[in-house]
2 protein chains.
Amino acid sequence: MNPTTVLLVDDHLVVRSGLRALLGTQPDLAVVAEAASGEEALDLVREHAPDVVVMDLAMGAGMDGIEAIRRLRQVNTRQAILVFTTYDSDADIVRAVDAGAMGYLLKDAAPGEIFAAVRGAVQGRSVMSPPVASRLFQQLRNPDGILTPREAELLGLLTEGLSNRELGRRLFISEATVKTHLAHIYAKLGVETRAAAIATAIRREGMR
Amino acid sequence: MNPTTVLLVDDHLVVRSGLRALLGTQPDLAVVAEAASGEEALDLVREHAPDVVVMDLAMGAGMDGIEAIRRLRQVNTRQAILVFTTYDSDADIVRAVDAGAMGYLLKDAAPGEIFAAVRGAVQGRSVMSPPVASRLFQQLRNPDGILTPREAELLGLLTEGLSNRELGRRLFISEATVKTHLAHIYAKLGVETRAAAIATAIRREGMR
DNA sequence: AGCCGGATCAGCCAAACGGATGAGAGACCA
DNA sequence: TGGTCTCTCATCCGTTTGGCTGATCCGGCT
């Protein structure tokens, strides 16, 4: 059986070499290329058609990880994409999965976890770090995300088309507080504008 | 039979006296008070409880006509409110009717039309100038308002949460044009923010 | 030929919004 | 008592919107 081919995408050289060394200890895994940016990753995927792409989400300048995932999926829906990143924000997880990531690992994952994730990915299994899994699970279980009561209340009014000022008046809080809540809501919903938040909220199961 | 009592609301003295003179020619109509602002109108309605309120929508400073109508309805749902204004904008018509106006007349209406409207209003009949009626009819017949194909297309994308820049790219037009279309859409929907437009559009019949 | 509605674009300006950061008060839990 | 969460507020700053005005082009309709 041929080894599983892997493409590493991370803007930090040290991370790439560390991963390469780590994966190199496994006879069934072979790192065939490394990319330092989303653009480069796109080229290398076309060239090597690896079985798995292990990618960092935060990538200095240029295309970000999420966008890279989206593009990769368009180029070749075959290879599995594994996110390998430092932070576990709700928004990133949701968006990565949404963009088509096969798994989501945190950089503090144990070597064994990483191996398992790569092997699982090629077999179509989705592997993720426990904290990530738990967040995602909550997302699925509670479609309103992990919104606090206050946030949910705000989101409800948001869909009425109110401005920040109006929201503040309606809830007897300052505009500053409204903005804070909104920022949290956007992060949890994985959007970045109120327009998208409203669209998401309203479409999300008959909310009206 | 007692004459029908009327309250005139218009910030222009000349309009008020003109109307008073006009209505005065009819033995069954009696102007019992005049207000120059929404606030004043509220007070006078409480004081005189007129059968009909004939009101201009544009009213210099302070409360605008739409808001005044809304308040009046809260105070006393009894009297009929007749809008008597210069311009027939889609947004104003929709909002006035929505706020609870009984009829909608343009200032170039013939005297006979005005008399008929006032008499009709007290009897619960809704009278409006022909051009107004036609606009309103279109609104009802076509829930998408009077949106042109291009505007409808834009509104659709708007509900996806796109920014002006993105809308422009998607439709191959400049951001300036996007803004122009949006301004028209807002006017036709009777809203003033994209958030409200999105909310309206999405709720409007299962649009998704 | 002349007019009108629809679509396109520009420039200007004020208001609204979003991002980043810091911070304090109260509730709850270990 | 020391974390953690939620809700609250503030300031700064750059971007996005919305309002307004004016203009061009095209295709019908008259």
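All values below come from the heavy atoms of this structure, side chains included, with hydrogens, waters and symmetry mates left out. Chain A is the first sequence line, chain B the second, and so forth, proteins listed ahead of strands; every chain is numbered from 1.
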Selection from D/dT16, C/dA10, C/dG19 that lies nearest to any side-chain heavy atom of B/R165: D/dT16

Interatomic distance, A/I173 CD1 vs D/dC9 C1' [rounded to whole Å]: 10 Å

Sugar-phosphate only, base, or nothing, as touched by A/A176 at under 4.0 Å among non-hydrogen atoms: base

Whole-Å distance separating the OH atom of A/Y186 from the C1' atom of C/dA20: 15 Å

Minimum heavy-atom distance between B/F115 and B/L29, given as atom pair plus value: CD2-CD1, 4.2 Å

Candidates D/dG18, D/dC9, D/dC7 - which lies nearest the side chain of A/T177: D/dC9

Sugar-phosphate only, base, or nothing, as touched by A/H181 at under 4.0 Å among non-hydrogen atoms: base

Length of the CG-P vector between A/L155 and D/dC7, whole Å: 13 Å

Position toward the 5' end of DNA chain C (nearest nucleotide), B/P149 or A/E175: B/P149

Taking every non-hydrogen atom, the tightest pair across B/A41 and B/V9: CB-CG2, 3.7 Å

Phosphate contact (C/dA16 OP1 or OP2) by A/N164 side-chain N/O below 4.0 Å: no

Below 4.0 Å: OP1/OP2 of C/dT8 and any side-chain N or O of B/R150: yes

B/S174 side chain to B/T177 side chain, donor-acceptor N/O pair below 3.5 angstrom: yes

Distance in angstrom units between B/E153 CD and C/dA7 C1', rounded: 12 Å

Atom-to-atom span, CG of A/L154 to P of D/dT6 - whole angstrom: 15 Å

Where B/E166 and B/G161 come nearest, the two heavy atoms and their spacing: OE1-O, 4.3 Å

Distance-only donor-acceptor test, A/T180 side-chain atoms vs D/dC7 base atoms, 3.5 Å: no

Short side-chain N/O contact to D/dA10 OP1/OP2 from A/S174, under 4.0 Å: yes

Spacing between A/K188 atom NZ and C/dG18 atom P, to the nearest angstrom: 17 Å

Note, A/I173 side chain near A/R150 side chain (heavy atom, < 4.5 Å): yes

Nucleotide D/dT8, atom C1' - distance to CG of A/L171 in whole Å: 12 Å

Integer-rounded Å distance: D/dT6 C1' and A/E151 CD: 8 Å

